[in-house]
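Following: one structure in structure tokens, then a few remarks.
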Amino acid sequence: MYDVQKGYELARELYGSYGVDVDRAIAVCDAVPVSMHCWQGDDVGGFEQADGALTGGIQATGNYPGKAKTPEQLRADIDFANRFIPGVKKINLHASYLESDSFVDRSEIAPEHFEKWADWAVERGYGLDFNPTFFSHPKSENGTLSNADEAIREFWIEHDRRCRRIGSYFAERTGKECVINHWTPDGSKEVPADTIAPRLRLKDSYDRIFAEPAPGVVDALESKVFGIGLESYTAGSHEFCLCYSMSRSDVIPTLDTGHFHPTEMVSAKLSALLAFKQKLLLHVSRPVRWDSDHVVAFDDETRAIMSELVRLNALDRVYIATDYFDASINRIAAWVIGMRNTRKALLEALLEPAETIQTMERSGDSTSRLAWTQEFRAKPFGLVWDYYCAKNNCGVGLEWLDEVKKYESEVTLKR
Ligand code: RNT
Ligand code: ZN
């Protein structure tokens, strides 16, 4: 290992000469909560006592050994992964990760089924976020909140109402707000002859769900362009979810980086939405040609998103959550890599002299704006990142990898 302290001092001097305060960047970066999704640990399987396949147009591909099979294993894996993930974290659960000795259907879930998760989170100081599970269930095959069958639609309305009560329970237990992401896979393989009826039912379902107050809960609606098997029509499209969230001050939009046409960038949408909505929820993922949910990379889009959040001064207006599921590699490594990349992109963005560049722009000096923006592409921000990881005791560079391999041979491969 090289001299991390020396590297940091050099970088601090260099960034300082451009007016960037490295210590402030580190402090801001460290305090921004990133909500880590629980479902990377078991390929979106969950712990309901029914072994159904993953449905709803999403797919976890790969068959890497050692996935978590019980809530205890999943929590242990999250604990282990978090040793190598710096910064303030929340844990994002799905309703299907409930705990009960006997089968509990989605319309019957209650806070008691999440008590162990809450105890665990409180002990570690984590906030908890939540998601109703509108997929992988026999009653979800022909749609959920937009279903034409009123009994089935009622079932799902009840599910989501209960999820919001669980969200309030989490907020009360943790003392932190619980962001609930409402995503329904409802759609169809061919374009329906009547495209508005499912959307009117979906709208009515949400109206009824949100009619009940849920203290401590922040409701977000996630849209999507299409799902596998549901290629031609999505009831909760971007326009639907955006219009719905515009119609209510207390519902915010979710932008998942994989939920748009492949040439559309979430980073380019942020300021437009923030001109109208006070808050947004982000699902940071990596779509490869489709909503493939690859592990978050330190790629142009992740960096552009973080850069926008910093330049827009919107770090306290946007909830950042991860959403991916890769079953082809070590799942703990997948968490560590994706979570570290998310925060790494945030730190890099915070090391740009955004205010100086914006001042140049306001004075009409676009030449300097371009020169300065480009200059920062090659600054040694990795030295600052290494120092930040060292300071948080999270492993510098690839130090975490050997430990994850060791945990794999001692724990996960023995499952
Ligand atoms: C699916 C959505 C949704 C899910 C999770 C598991 O395309 O992105 O957020 O990934 O709810
Ligand atoms: Zn998502």
Side-chain angles (χ1 to χ4, degrees), residues 34-48 52-61 67-68 74 90-98 106 128-137 140 143-145 156 159-160 163 166-167 178-187 218-231 233-238 240-241 245 252-262 264 266 269 280-296 301-302 305 318-327 331 334-335 338 342:
V34 175
S35 188
M36 180 165 109
H37 59 307
C38 75
W39 51 91
Q40 167 57 51
D42 72 335
D43 317 335
V44 210
F47 303 119
E48 290 171 311
L54 180 60
T55 70
I58 53 177
Q59 263 175 27
T61 54
K67 77 171 169 195
L74 188 62
K90 292 180 90 182
I91 302 298
N92 198 6
L93 298 175
H94 240 282
S96 51
Y97 288 76
L98 84 176
R106 304 264 171 99
L128 288 172
D129 293 325
F130 203 49
N131 301 257
T133 310
F134 290 113
F135 51 84
S136 305
H137 188 282
S140 67
T144 59
L145 296 177
W156 291 110
H159 172 61
D160 204 346
C163 285
I166 293 163
C178 173
V179 180
I180 300 192
N181 181 57
H182 304 261
W183 171 68
T184 56
D186 299 21
V218 174
D219 291 296
L221 277 202
E222 184 180 32
S223 67
K224 183 161 175 168
V225 64
F226 81 94
I228 299 289
L230 309 163
E231 291 85 354
Y233 173 82
T234 303
S237 60
H238 183 48
F240 176 92
C241 292
S245 68
I252 65 172
T254 303
L255 298 180
D256 181 309
T257 52
H259 287 199
F260 297 88
H261 288 279
E264 273 184 275
V266 163
K269 298 177 189 296
L280 303 176
L281 169 59
L282 278 184
H283 270 191
V284 184
S285 191
R286 177 163 51 109
V288 177
R289 305 185 197 286
W290 66 290
D291 184 31
S292 60
D293 289 291
H294 280 61
V295 177
V296 170
E301 174 60 349
T302 309
I305 287 172
V318 177
Y319 300 102
I320 304 172
T322 46
D323 180 15
Y324 55 84
F325 27 99
D326 189 337
R331 294 171 183 81
W335 264 322
T342 305

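One-based numbering, in listed order, for ligands and for the atoms of each.
Numbered from 1 in the order shown, with element, the atoms of ligand 1 that lie under 4.0 Å from a heavy atom of Ile58 read 1 (C), 7 (O). Numbered from 1 in the order shown, with element, the atoms of ligand 1 that lie under 4.0 Å from a heavy atom of Asp256 read 8 (O). The ligand atoms of ligand 1 that sit less than 4.0 angstrom from a heavy atom of His283 are 9 (O). With ligand atoms numbered from 1 in the order given, ligand 1 contributes 1 (C), 2 (C), 7 (O), 8 (O) to contacts under 4.0 Å with heavy atoms of His259.
Contact annotation: for Asp291 versus ligand 1, heavy atoms closer than 4.0 Å belong to the side chain alone.
At least one N, O or S atom of His283 sits under 2.8 Å from the Zn ion (ligand 2).
For atom 4 (C) of ligand 1, the nearest protein heavy atom (residue, atom name, distance) is Asp323 OD2, 3.6 Å. Nearest protein heavy-atom contact of atom 6 (C) of ligand 1 is His94 NE2, 3.4 Å. The protein non-hydrogen atom at the shortest distance from atom 9 (O) of ligand 1 is Glu222 OE1, 2.7 Å.
The shortest separation from a heavy atom of Phe325 to ligand 1 is under 4.0 Å, placing the residue in contact. Ligand 1 has no atom lying under 4.0 Å from any heavy atom of His37.
No other N/O/S atom of Asp323 lies as close to the Zn ion (ligand 2) as OD2 does. The atom name of the N/O/S atom in Glu222 closest to the Zn ion (ligand 2) is OE2. Nearest N, O or S atom of Asp256 to the Zn ion (ligand 2): atom OD2.
A tilted orientation is assigned to the rings of His259 and Trp183, their planes being inclined by 30° to 60°. Ring orientation note: the planes of His94 and Tyr97 are tilted relative to one another, at an angle of 30° to 60°.
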* Asked: Between Asp43 and Arg331, is a salt bridge (charged side-chain N to carboxylate O under 4.0 Å, His left out) present by the stated rule, with each step listed?
  -> CA-CA 9 Å; Asp43 317 335; Arg331 294 171 183 81; 2.7 Å; yes
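In terms of polar-atom proximity, Asp293 is not counted as a contact of ligand 1, lacking any N or O under 3.5 Å from an N or O of the ligand. At a 3.5 angstrom cut-off on N or O pairs, Lys224 counts as close to ligand 1.
A centroid separation of less than 6.0 Å is found between the aromatic rings of Phe134 and His159.
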